[in-house]
Amino acid sequence: MTNTTAAPAGGYRDMNRLMGLMTGDEKHGPAATSTLDALWVLYDRVLRVTPGTVDAPDRDRFLLSKGHGPMAYYAVLAAHGFFDEELLPGFGAYDSPLGHHPDRTLVPGVEIGSGSLGHGLPLAVGTALGLRARGLTDPRVWVLIGDAELDEGSNHEALAYAGPAGLERLHTVVIDNASASYGRPGGIAARFETAGWSVDSVDGRDHEALYAAFTAPHTGRPRAVIARVAPKH
């Protein structure tokens, strides 16, 4: 399957305007903006999925585990034509499909309902295993998690399994904004490396560095990209 992601309606420079359309309480602004650059590079240059292929068996799957700050996710989806930007001002409203946590039954292009931390990586492992069992070797599975989610045991079980299982089509992006409660010897990258993953750490605001890390070869191993992010002011 070729990369047929639709051309963005506005472009990266339009992200501030689109995110600014979403107002109201409980926006989790820092959580959203920390993911913006990684999400943009994925949808603009890497993921092989379009509004017209959201149900195609050979599409790439993207799972937003860090779902409690979805403003950037919604803005990126709108910019790439998955739904009309006219929905953005209703973010969080009673009758809006754009909830404070994404809902896969309401938002086109969303693969999982998320927001409860620690679920995305195990679901991504299961998705990769399911695709393998069906003989679908082309689709890639991407999951974006936050560094604090690694405080959850479910994520450690998933990453410990994925390496020995050789889940080459599995990719994890860890947004590291230093919000985790517990440190690890050698940092986050060492935890993945110990479990047999291919790992790279990059500046989470540098689009070219993100793209290079997202597309680096990692034959026979799952891939983890640690995106270090300082808060935007």
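Just so you know, these numbers come straight off a predicted model, no measurement behind them.
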Worksheet item: Taking the six-membered ring where the residue is Trp, are the ring centres of Y73 and F82 under 6.0 Å apart?
Response: no

Worksheet entry | Minimum-distance pair of heavy atoms, taken over all atoms of W197 and G163 | NE1-N, 3.8 Å

Worksheet entry | Nearest heavy atoms of P122 and S154, plus distance in Å | CG-O, 3.6 Å

Worksheet item: Quick one: are P222 and F192 in side-chain contact, heavy atoms under 4.5 Å?
Response: no

Worksheet entry | Between OG on residue S96 and CG on residue L106, distance to nearest 0.5 Å | 9.0 Å

Worksheet entry | Note, L77 side chain near V110 side chain (heavy atom, < 4.5 Å) | yes

Worksheet item: Any donor-acceptor pair under 3.5 Å linking the side chain of H207 with the backbone of V41?
Response: no

Practice prompt. Check whether any side-chain heavy atom of L144 sits under 4.5 Å from a side-chain heavy atom of F62, and report yes or no.
Written response: yes

Worksheet entry | Non-hydrogen side-chain atoms of I145 and T172 separated by less than 4.5 Å | yes

Item to complete: Give the C-alpha distance, both sets of side-chain angles, the deciding distance and a yes or no for side-chain contact (heavy atoms from CB on, under 4.5 Å) between M15 and L36.
Response: CA-CA 8 Å; M15 286 300 95; L36 176 59; 3.9 Å; yes

Worksheet item: Could R45 and E208 be called an ion pair, given the rule that one side-chain N must be under 4.0 Å from one carboxylate O?
Response: yes

Worksheet item: Atom CG of D14 and atom CH2 of W40: how far apart are they, to the nearest 0.5 Å?
Response: 8.0 Å

Worksheet entry | Atom CG of D84: over 12 foreign heavy atoms under 6.0 Å | yes

Worksheet item: How long is the span from the CG atom in L210 to the CG atom in D203, to the nearest 0.5 Å?
Response: 7.5 Å

Worksheet item: Step by step, would you call D176 with V229 a side-chain contact (heavy atoms from CB on, under 4.5 Å)?
Response: CA-CA 6 Å; D176 181 11; V229 175; over 6 Å; no

Worksheet entry | Set of residues satisfying side-chain contact (heavy atoms from CB on, under 4.5 Å) with respect to P89, sequence neighbours excluded | L21

Practice prompt. Report yes if some heavy atom in the side chain of E85 is under 4.5 Å from a heavy atom in the side chain of R17; otherwise report no.
Written response: yes

Practice prompt. Indicate yes or no for a side-chain donor-acceptor contact from T50 to the backbone of T53 under 3.5 Å, with no hydrogens or angles considered.
Written response: yes

Worksheet entry | Close side-chain approach of R104 to S114, heavy-atom, < 4.5 Å | no

Worksheet entry | Contact summary for M19 and T33, nearest pair of heavy atoms | CE-CG2, 3.9 Å

Item to complete: Only pairs at least two apart or in different chains count here, so list each side chain to side chain donor-acceptor pair (under 3.5 Å) that has a residue in residues 218-228.
Response: H171-H218, S198-R223

Item to complete: Run through T194, V125, L150 and flag the one making a side-chain contact (heavy atoms from CB on, under 4.5 Å) with L159.
Response: L150

Fill in: Closest contact, heavy atoms only, A79 versus L18
CB-CD1, 3.9 Å

Discussion item. Between R61 (side chain only) and A128 (backbone N and O only), is there a donor and an acceptor less than 3.5 Å apart?
Written reply: no

Fill in: Closest non-hydrogen atom pair, V202 against A209
CG1-O, 3.9 Å

Worksheet entry | T215 (side chain) donor-acceptor with Y211 (main chain) under 3.5 angstrom | yes

Worksheet item: Do any N or O atoms from the side chain of R169 and from the backbone of D138 form a donor-acceptor pair under 3.5 angstrom?
Response: yes

Worksheet item: Is there a side-chain contact (heavy atoms from CB on, under 4.5 Å) between L129 and L167 once you walk through the steps?
Response: CA-CA 8 Å; L129 286 170; L167 296 182; 3.8 Å; yes

Discussion item. For a side-chain contact (heavy atoms from CB on, under 4.5 Å) check, start with the C-alpha distance between R48 and R140, then their side-chain angles and the critical distance, and finish with the verdict.
Written reply: CA-CA 8 Å; R48 298 174 299 184; R140 300 169 300 184; 3.2 Å; yes

Practice prompt. Can you label the angle between the Y43 ring and the H80 ring as parallel, tilted or perpendicular, going by 30° and 60°?
Written response: tilted

Worksheet item: Do L87 and P97 have side chains that get closer than 4.5 Å, going by heavy atoms?
Response: yes

Discussion item. I'd like to know if R59 pairs up with E111 as an ion pair, taking the criterion as any Lys NZ or Arg NE/NH1/NH2 lying under 4.0 Å from an Asp or Glu carboxylate oxygen.
Written reply: yes

Item to complete: Would you mind reporting whether S34 and I175 have side-chain heavy atoms less than 4.5 Å apart?
Response: yes

Worksheet item: Where is the tightest heavy-atom contact between R134 and P57, given as atom of each residue plus distance?
Response: NH2-CB, 4.3 Å

Worksheet item: D60 side chain to P139 main-chain N or O, any donor-acceptor pair under 3.5 Å?
Response: no

Discussion item. Donor-acceptor pair, distance only, cut-off 3.5 Å: does the side chain of Y12 make one with the backbone of D44?
Written reply: no

Worksheet item: About how many Å separate CH2 of W142 and OG1 of T127, when rounded to the nearest 0.5 Å?
Response: 15.0 Å

